[in-house]
Amino acid sequence: MQLRRIKGTQDILPSEVEIWQYVEQVIREEMAVFNYRECRTPIFEQTELFARGIGEDTDIVGKEMYTFLDRGKKSLTLKPEMTAPIMRAYLENNLGTLSPLTKIFYIAPLFRQENPQAGRLRQFHQFGAEVLGSDAPALDAEVILLALQIYKKIGIKDLNLVLNTVGDPESRTNYRKLLQDYIRPKLKRYCKDCQARFETNPLRILDCKVASCRELNAGAPRMSDSLTPAATEHFETVTKILKDSNATFSLNPYLVRGLDYYTHTVFEITSRHLGAQDAICGGGRYDLLAEQIGGNPTPAVGFASGIERLLMVMEAQELSAASGNALDVYLCALGDHAAGAVIPWTQRIRALGLRTDRDYLGRSMKAQMREANRQKAKIVLILGENELKEKEFSVKDMENSSQQLIPFTDIESFLIKFFNRRS
Ligand code: HAM
């Protein structure tokens with residue numbers, strides 16, 4: 001039997017890898033512009049990091065992690081997200097002693113044992129940013145603007161930014177009580193998961209996707225009514241900066257997100273091109289995570305964006321061609337002599353830094369031109385017996401189909417001029 005890949009995983013094939021590289025390049029450029037530096041952490045961690053960081057009672061920890069015992073009977077987990085590992089790395093390597101503020105970004109594969117569907121994979125990739133060491137609301141706004149800037153650079157349109165605050169611990173305690181008072185009389189009508197969350201984590205009931213629970217939640221009290229003055233001020237500063245920066249957003253008083261470490265600002269960016277799994281990005285502030293995993297108090301804020309979902313939106317908005325996965329030059333050779341003569345020419349043109357390829361299969365002129373088209377070559381150089389005799393190339397500009405003869409001696413300067421003009 002032919003073996004197949006594991007359900008919910010994907011091969012990124014040669015025809016697809018260039019768009020990944022293009023997206024990664026834009027991410028790296030914009031992260032540098034905002035002064036974030038890359039951090040890479042191991043693929044697996046102690047299970048406890050996620051249990052304590054994300055929360056025992058969340059879907060991720062409760063049912064989605066790839067957890068296993070190693071030979072030493074230690075419980076390890078393939079990382080399902082990057083925020084807890086980044087915080088662990090920050091604390092363990094004392095990055096806070098080097099600088100009061102640490103701005104980190106990552107691009108990483110992650111693992112969650114979810115039911116695969118469009119936009120929901122078991123191995124997926126995120127890029128994200130985390131700022132550790134400050135509780136300034138300006139940083140909540142900065143990470144949101146950074147995510148938006150990356151999408152803008154890629155050309156993505158029509159995204160929806162939704163914000164809420166889950167307040168500080170005091171606001172949370174007030175709200176938790178109000179929410180439980182609201183839910184208690186109808187608890188039996190909620191789904192089993194919500195009933196189980198009622199005591200341990202009632203805020204997560206607001207995040208339930210079951211239609212009947214959503215209906216029951218419709219009249220629930222709002223976090224905004226339980227906020228302390230400090231929490232209100234924090235959130236108002238964030239929204240003011242976003243408004244002043246011309247970012248459009250809406251408020252959703254019931255947005256709580258599926259991970260327990262959040263305090264103050266939480267946000268999601270969604271796209272209508274994504275169907276049921278419509279979040280392309282999620283994030284927020286997590287001032288208490290450091291202590292939950294045994295470190296010194298370290299306020300922090302960040303976001304993570306799914307790369308597969310980003311690519312789905314790019315495809316729907318026909319942005320995939322922007323990746324530039326095209327050949328610059330394709331050499332067509334006709335006949336044995338020409339086939340030999342193109343070998344050094346291919347090398348010389350590659351030495352100009354142009355993406356160049358040629359026929360290796362002795363195909364007909366028609367088949368070679370078809371190949372040049374398939375590879376989206378911008379220029380085709382044709383070398384037949386005649387051209388060889390006259391020491392020149394027939395040069396075809398594939399954009400407008402114009403053709404001209406250029407002597408061998410001039411071909412390199414012609415190509416340099418042609419590609420400089422285009423870039
Ligand atoms: P998250 O909402 O769990 O947040 O994931 C962020 C994004 O990762 C989602 O909006 C989605 O685009 C993508 N994603 C999540 N699960 C999958 C999946 N199974 N398949 C494909 N894409 C997926 C976090 O992970 C937090 N660590 C975000 C954060 C950073 N908060 C503060 N800093």
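Quick caveat: nothing in here was measured; it's all calculated off a predicted structure. Just follow the structure's listing: the first ligand is 1, and inside any ligand the first atom is 1.
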Study note, to complete from the structure: Here the atoms of ligand 1 under 4.0 Å from any heavy atom belonging to Gly119 are 20 (N), 21 (C), 22 (N)

Practice item. Show which atoms of ligand 1 fall inside a sub-4.0 Å distance from at least one heavy-atom site of Tyr286. Key: 32 (C), 33 (N)

Point to revise | Residue-ligand contact Gln277/ligand 1, heavy atom below 4.0 Å | key: no

Study note, to complete from the structure: Note: ligand 1 atoms sitting under 4.0 Å from heavy atoms of Ile280 are 10 (O), 12 (O)

Exercise for review: Run the numbers on Tyr36 and Glu142 for side-chain hydrogen bond (donor to acceptor under 3.5 Å, both in side chains), then give the verdict.
Suggested key: CA-CA 11 Å; Tyr36 286 67; Glu142 176 170 294; 2.7 Å; yes

Exercise for review: Check whether any side-chain heavy atom of Leu163 sits under 4.5 Å from a side-chain heavy atom of Leu255, and report yes or no.
Suggested key: no

Study note, to complete from the structure: Near Tyr261 (heavy-atom distance under 4.0 Å), the atoms of ligand 1 are 26 (C), 27 (N), 31 (N)

**Study point:** Nearest protein heavy atom with distance in Å, relative to atom 19 (N) of ligand 1
**Key:** Glu114 OE2, 2.6 Å

Review point. Does Gly128 reach ligand 1, in the sense of a heavy atom lying below 4.0 Å from it?
Key: no

Exercise for review: Of the side chain and backbone of Tyr262, name the one, both, or neither that has a heavy atom under 4.0 Å from an atom of ligand 1.
Suggested key: side chain

**Study point:** Numbered atoms and elements of ligand 1 in range of Gly282, under 4.0 angstrom, heavy atoms
**Key:** 10 (O), 28 (C), 29 (C)

**Study point:** Distance under 6.0 Å and angle within 45° of ring axis: Arg40 vs Tyr106
**Key:** no

Check your understanding: With atoms numbered from 1 as shown, which atoms in ligand 1 lie under 4.0 angstrom from a non-hydrogen atom of Glu130?
Key -> 30 (C), 32 (C), 33 (N)

Revision key, fill the gap. Note: ligand 1 atoms sitting under 4.0 Å from heavy atoms of Gln126 are 5 (O), 6 (C), 7 (C), 8 (O), 24 (C), 25 (O)

Check your understanding: Which bit of Arg122 is near ligand 1, meaning a heavy atom under 4.0 Å away: side chain, backbone, both or neither?
Key -> neither

**Study point:** Identified side-chain contact (heavy atoms from CB on, under 4.5 Å) counterpart of Phe303 within the set Thr83, Val143, Ile144, Ile269
**Key:** Val143

